[in-house]
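In what follows, chains are A, B, ... by sequence order, proteins preceding strands, each numbered from 1.
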2 protein chains.
Amino acid sequence: MEKLCEQPRTHSNCMRMVQPVTDALYVLNGKWKLPILITLQFGNKRFGQIAKEIPKITDRMLSKELRELEANELVKRTVHDTVPVTVEYSLTEYGHSLDPVFNALADWGMRHRERIFQAEKDLVEK
Amino acid sequence: MEKLCEQPRTHSNCMRMVQPVTDALYVLNGKWKLPILITLQFGNKRFGQIAKEIPKITDRMLSKELRELEANELVKRTVHDTVPVTVEYSLTEYGHSLDPVFNALADWGMRHRERIFQAEKDLVEK
DNA sequence: CCGCATCCTTATAGATACTG
DNA sequence: CAGTATCTATAAGGATGCGG
């Protein structure tokens, strides 16, 4: 498939690249979608486990965004008939197709960790 | 530098990968940040040009998010002393360091364009 | 017209308590 | 354990105005 990012940087190509990103954000939209998907990239998890691994997420938001991810077929929800009931979440194959995106993002976040929060430090110093 | 995405998928490595993404989202947080940055990836633009290339963005949101991106040093704002005044926006070198992330995201959006909106179609059909 | 700023409404996120 | 219900707080969006 054609790679727009390797095409000449014309105005027309710009418009054609913005749309795919807008489309992607349609399913990734939501404050906690990416952290949730990344924890699941590392293996199947139960509701409580995901909550523990994402700092500051609330049960309500985790529940809500998991249901949206499930509706978009990125995440699979499996109920185990135990007492008490346990629910396991996993990435679908489609969900795993996002791996390169998350790896690029995590790599960037790690490389620029300090600079990311520089603006806030600058504000505090003033 | 170490690449977490190539490390064993232990619980501990998961926690260490979620944090960089959370950090990255700290500066990318906001509905229009990515579309704005991508239009600027394709060259310097004026306010009105950016607005034209991002479907449905309002002037108010564009103005607000551009100022946040500028505060975070991802975008540079240059005022040209013309009549009427023109303002040019460009990516900083730091801003361009996000290129691999956007390319990965745009590539994914293009490959999965149809499936992204499948869930919505399913709902309408019911 | 361009690049915003202000006011107001709507949508989304968070806090807390509670249940099968 | 895995969520829901209710309420409050914050963020996004629309309409309009304004100086240059």
Side-chain angles (χ1 to χ4, degrees), chain A residues 11 18 21-22 25-37 39-40 43-72 75-91 119-120 123, chain B residues 11 18 21-37 39-40 43-72 74-90 119-120 123:
Chain A
H11 173 81
V18 168
V21 171
T22 304
L25 293 179
Y26 176 82
V27 289
L28 300 178
N29 149 328
K31 187 167 180 174
W32 304 100
K33 293 272 165 60
L34 269 55
I36 291 170
L37 290 169
T39 69
L40 292 175
N44 302 0
K45 300 268 168 71
R46 291 169 55 191
F47 186 92
Q49 285 179 297
I50 303 172
K52 272 180 216 155
E53 289 171 15
I54 302 176
K56 295 189 182 176
I57 194 171
T58 61
D59 285 356
R60 185 178 107 81
M61 291 312 294
L62 179 54
S63 171
K64 186 166 164 286
E65 307 232 303
L66 275 172
R67 269 182 277 111
E68 290 171 13
L69 290 168
E70 194 193 354
N72 286 318
V75 163
K76 182 163 179 284
R77 182 178 185 271
T78 310
V79 178
H80 294 286
D81 196 13
T82 54
V83 179
V85 66
T86 55
V87 183
E88 190 181 21
Y89 292 92
S90 56
L91 287 192
E120 195 180 28
L123 283 176
Chain B
H11 173 83
V18 168
V21 171
T22 304
D23 293 349
L25 293 180
Y26 178 83
V27 289
L28 299 179
N29 151 326
K31 188 166 182 174
W32 305 101
K33 293 271 165 63
L34 268 55
I36 292 170
L37 289 170
T39 69
L40 292 176
N44 303 359
K45 300 269 168 67
R46 289 174 54 195
F47 186 92
Q49 286 179 295
I50 304 173
K52 272 178 216 156
E53 289 172 16
I54 301 178
K56 296 188 181 176
I57 194 171
T58 61
D59 285 357
R60 183 181 170 290
M61 290 312 293
L62 179 53
S63 173
K64 187 165 164 286
E65 306 234 304
L66 275 171
R67 269 182 278 111
E68 290 171 13
L69 289 169
E70 194 193 355
N72 285 318
L74 292 165
V75 163
K76 181 162 179 284
R77 183 178 187 271
T78 310
V79 179
H80 294 287
D81 197 13
T82 54
V83 179
V85 67
T86 55
V87 184
E88 189 182 23
Y89 294 91
S90 57
E120 195 178 28
L123 282 177

Check each of B/Val27, B/Val21, B/Asp23 against B/Leu25 using the side chain to side chain contact (heavy atoms under 4.5 Å, CB included) test, and report the only one that passes.
-> B/Val21
Between A/Pro55 and B/Val18, what is the shortest heavy-atom contact and its length?
-> CD-CG1, 4.5 Å
Between [atom2] on [N] and [atom1] on [X], what's the gap in Å once rounded to a whole number?
X: B/Leu62; N: D/dG13; atom1: CG; atom2: P; value: 12 Å
X: B/Lys56; N: D/dA12; atom1: NZ; atom2: P; value: 18 Å
X: B/Arg46; N: C/dC1; atom1: CZ; atom2: C1'; value: 10 Å
X: B/Lys45; N: C/dC2; atom1: NZ; atom2: C1'; value: 17 Å
X: A/Asp81; N: D/dA2; atom1: CG; atom2: C1'; value: 14 Å
X: B/Asn29; N: C/dA13; atom1: CG; atom2: P; value: 10 Å
X: B/Asp59; N: D/dG14; atom1: CG; atom2: P; value: 12 Å
X: A/Ile54; N: C/dA13; atom1: CD1; atom2: C1'; value: 15 Å

From the options A/Arg67, A/Arg60, A/Glu65, select the one residue that forms a side-chain hydrogen bond (donor to acceptor under 3.5 Å, both in side chains) with A/Ser63.
-> A/Arg67
Which of these nucleotides, [options], is closest to any side-chain atom of [X]?
X: B/Lys31; options: D/dG13, D/dT4, C/dG3; result: D/dG13
X: B/Met61; options: D/dA2, D/dA12, C/dA13; result: D/dA12
X: B/Thr58; options: D/dG14, C/dC4, D/dA2; result: D/dG14

Pairwise 5' ranking along DNA chain C for B/Arg67 and A/Glu65, keeping only the more 5' one = B/Arg67
By nearest nucleotide on DNA chain C, pick out whichever of A/Lys64 and B/Phe47 is the more 5' one.
-> B/Phe47
Is [X] near enough to [N] that one of its side-chain N or O atoms lies under 4.0 angstrom from OP1 or OP2?
X: A/Ser63; N: D/dT4; value: yes
X: B/Tyr89; N: C/dC4; value: yes
X: B/Trp32; N: D/dG13; value: yes

Does B/Lys33 use its side chain to pair, donor to acceptor, with the backbone of B/Asn29 at less than 3.5 Å?
-> yes
Side chain of A/Arg60, base of D/dA5: donor and acceptor closer than 3.5 Å?
-> no
Verdict with supporting geometry, A/Ile57 and A/Ile50, side-chain contact (heavy atoms from CB on, under 4.5 Å) | CA-CA 9 Å; A/Ile57 194 171; A/Ile50 303 172; over 6 Å; no
Using a 4.0 Å heavy-atom cut-off across all strands, classify B/Val85 as base, sugar-phosphate, or nothing.
-> nothing
